[in-house]
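A short worksheet on the structure shown next.
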Amino acid sequence: MSRQHRPDTEIVHAGRHPEDQKGAVNPPVYHASTILFPTLDALEAAQKPSDDPHRVTYGRRGTPTSFVLSDAVAALEGGAGCVLTPSGLSAVSVALLGLLKAGDHLLMVDTCYGPSRNFCNGMLAKLGIETTYYDPLVGAGIDALIRPNTAVIFLESPGSLTFEVQDVPAIIAAAKAADHRIWTVIDNTWASPHFFKPIRLGVDVSVQAATKYIVGHSDVLIGTISANAEALPAIVKAHGDMGIWTGPDDMYLTQRGLRTLSVRLARHQETGLALASWLQARPEVARVLHPGLPDDPGHALWKRDFSGASGLFGAVLHPIPRAKLAAFLDGLEFFGMGWSWGGFESLCVPQHPESIRSATRWRTDGPLLRFHAGLEDIADLIDDLAAGFERMAAA
């Protein structure tokens, strides 16, 4: 776009160029592997380095379908560029592999997405890269964990499952104050770049499971990696060297979902906060984990750095037998039990962070439930949960 626009407008228009497709509002879906060149000169030129990010030389290296989405996400993130991957986990993996090498040390937040931890403990360990998990609330104290070979600090805020908010600026300042270059990477899936823009706070790389809020319809797996100008070349090289690519139909559905991100997130936020407040007042609930609530431990940091909250949060119940938990969950009408989130439908699943944490300990007497507030009517969702608590009491 010719000038900076407000976020809602940018979501609708970023990356779109109707004039390039005879006026069609949405770009066509390019199913392409082979790209033909009219002359030997053109063929040879396509094999040389180029500064043109929109050059089409081979299906895996970019098409007009991918350019629309990657340009739009980069614009929303405030990055110099963006690459697309087949899932959120692959976005984490490609970003780390692009910035790390054998002998390096990674500082990984202890509240990271579980599969990200598996990748560190498995693949990175095999490659001779050591991972140290750190307390998400360490803030500026992370400088005590930095080693001469620390190459990357990875953040996720709020934390997966338990929603701790990190002091991102303090951690970035510690990384920049080190006597060697340390890259910073953040998983920005919870807020999306509509409610949080970490690259503008100094983070080098922002990854997302765009599967969640950008897609918004529970029917596509896709990841994004946005980076500042300094980190982008390493990300692009790793992405290309590993042959990572995403199907064009998935790209199309993702950019279509992107256009309604703002209005959907507003509803997710409104319903999520309403449900969280309602659950706080229930006698069955010991604690609600939602940084948007004024009494949440991370609320001040969230209010400082974020412009909104998504629909994902947690609630800890008072201790109950498994049979009572099953009675609550099994009869829910609108809250499904499933492992993704960010779609139009509400979800509720038990979680067990105590089984995976290593730098911190998760201590609760009762079960932890993770809720995703969908787009249903709030009154119906509350009625559904109230009926669930009645079943719990009767079981």
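It should be emphasised that the depicted structure is a prediction, and the values quoted were computed from it without experimental measurement.
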Measure the spacing between CZ of Arg61 and OG of Ser66 and express it to the nearest 0.5 Å.
13.0 Å
Nearest atoms (heavy-atom pairs only) where Ala95 meets Val205:
CB-CG1, 4.3 Å
Expected output: side-chain Lys212 to main-chain Trp341 donor-acceptor under 3.5 Å:
no
In terms of hydrophobic clustering (I, L, V, M, F, W, Y; side-chain heavy atoms under 4.5 Å; direct or indirect links), are Val288 and Ile320 co-clustered?
yes
Distance-only side-chain donor-acceptor flag, Thr39 / Asp41, under 3.5 Å:
no
Worked verdict on Asp104 versus Trp183 for side-chain contact (heavy atoms from CB on, under 4.5 Å)
CA-CA 12 Å; Asp104 280 347; Trp183 301 105; over 6 Å; no
When you measure from the centre of the six-membered ring of Tyr213, is the NZ or CZ of Arg264 under 6.0 Å away and within 45° of the axis?
no
Atom pair CD (Gln269) and CG (Leu312), whose distance is rounded to the nearest 0.5 Å
13.5 Å
Measure from the side-chain N and O atoms of Asn149 to the backbone N and O of Gly103, and report whether any donor-acceptor pair falls under 3.5 Å.
yes
Cluster link Val220 to Leu261, ILVMFWY, side chain under 4.5 Å
yes
Give a yes or no on whether Met337 atom CE has more than 12 heavy-atom contacts from other residues, nucleotides or ligands under 6.0 Å away.
yes
Verdict with supporting geometry, Gln47 and Phe37, side-chain contact (heavy atoms from CB on, under 4.5 Å)
CA-CA 11 Å; Gln47 299 173 60; Phe37 301 93; over 6 Å; no
Do the ring centers of Phe195 and Phe306 come within less than 6.0 Å of each other?
no
Output yes when a side-chain donor or acceptor of Thr224 lies under 3.5 Å from a complementary backbone atom of Leu84, and no otherwise.
no
With side chains defined as the heavy atoms from C-beta onward, is the minimum distance between Thr162 and Leu368 less than 4.5 Å?
yes
So does His268 get a backbone contact from the side chain of Thr271, meaning a donor-acceptor N/O pair under 3.5 Å?
no
Do Glu333 and Asp383 come within less than 4.5 Å of each other through their side chains, counting heavy atoms only?
no
Donor-acceptor under 3.5 Å (Asp204 side chain, Thr184 main chain):
yes
Quick one: does Arg117's side chain get under 4.5 Å of Ser358's, heavy atoms only?
yes
CG of Leu369 to CZ of Phe328: how many Å apart, nearest 0.5 Å?
6.0 Å
Shortest non-hydrogen contact between Leu289 and Phe163, atoms and distance:
O-CD1, 3.7 Å
Minimum heavy-atom separation for Pro198 to Glu77, with atom names?
CD-OE1, 4.1 Å
side-chain contact (heavy atoms from CB on, under 4.5 Å) for Tyr133 and Val109? Distances and angles first, verdict last.
CA-CA 5 Å; Tyr133 295 95; Val109 63; over 6 Å; no
Answer with yes or no whether the hydrophobic clustering places Leu155 together with Ile146; edges join I, L, V, M, F, W, Y residues whose side-chain heavy atoms lie under 4.5 Å apart.
yes
Is there a side-chain contact between Leu385 and Leu332 (heavy atoms, below 4.5 Å)?
yes
Interatomic spacing from CG in Asn118 to SG in Cys112 - rounded to 0.5 Å
8.5 Å
Judged by atom type as modelled, is there a donor-acceptor pair below 3.5 Å linking the side chain of Arg370 to the main-chain atoms of Val349?
no
Exercise: identify the closest heavy-atom pair between Glu345 and Glu376
CA-OE2, 3.6 Å
Nearest atoms (heavy-atom pairs only) where Leu258 meets Ala72:
CD2-CB, 3.6 Å
CG/Leu317 to CZ/Arg282 distance, rounded to the nearest 0.5 angstrom?
11.0 Å
We want to know whether Asp295 and Gln280 form a side-chain donor-acceptor pair, criterion being a heavy-atom distance below 3.5 angstrom.
yes
Separation of Ile142 CD1 from Ile153 CD1 (nearest 0.5 Å)
4.0 Å
Does any non-hydrogen side-chain atom of Val236 lie less than 4.5 Å from one of His239?
no
Could you tell me if His31 and Asp249 have a donor-acceptor pair between their side chains, going purely by distance under 3.5 Å?
yes
Would you kindly confirm whether Val92 and Ile356 end up in one hydrophobic cluster when ILVMFWY residues are joined by side chain heavy atoms under 4.5 Å apart?
no
Please examine the side chains of Phe119 and Leu97, heavy atoms only from C-beta on, and report whether any two atoms are closer than 4.5 Å.
yes
Say whether, by atom type as modelled, one donor and one acceptor occur between the side chain of Asp380 and the main chain of Asp377 under 3.5 angstrom.
no
Establish whether Leu100 and Ile235 are linked, either directly or via other cluster members, by ILVMFWY side-chain heavy-atom contacts under 4.5 Å.
yes
Tell me, yes or no, whether the heavy-atom count around Tyr30 atom OH, taken from other residues, nucleotides or ligands under 6.0 Å, exceeds 12.
no
Trace of the side-chain contact (heavy atoms from CB on, under 4.5 Å) decision for Leu265 with Ser310
CA-CA 6 Å; Leu265 271 177; Ser310 71; 4.3 Å; yes
Indicate yes or no for a side-chain donor-acceptor contact from His217 to the backbone of Phe344 under 3.5 Å, with no hydrogens or angles considered.
no
Go through the structure and list residues passing ring pair (Phe, Tyr, Trp, His ring centres under 6.0 Å) with His318, not counting sequence neighbours.
none
Looking just at side-chain N and O atoms, do Arg287 and Thr364 make a donor-acceptor pair shorter than 3.5 Å?
no
Give the minimum heavy-atom separation between Met251 and Ile222, together with the two atoms involved.
CA-CD1, 4.3 Å
Whether Phe313 and His290 hold their rings parallel, tilted or perpendicular, with breakpoints at 30° and 60°
tilted
Under 3.5 Å, side chain of Asp110 to main-chain N/O of Ala359, donor-acceptor pair present?
yes
Do Arg363 and Glu354 have side chains that approach each other closer than 4.5 Å (heavy atoms only, starting at C-beta)?
no
Identified side-chain contact (heavy atoms from CB on, under 4.5 Å) counterpart of Thr254 within the set Thr246, Leu69, Val73:
Leu69
Counting distance only, does the side-chain N/O of Ser87 pair as donor-acceptor with the main-chain N or O of Leu221 below 3.5 Å?
no
Determine whether Trp362 and Leu161 make a side-chain contact, defined as any pair of heavy atoms from C-beta on separated by less than 4.5 Å.
no
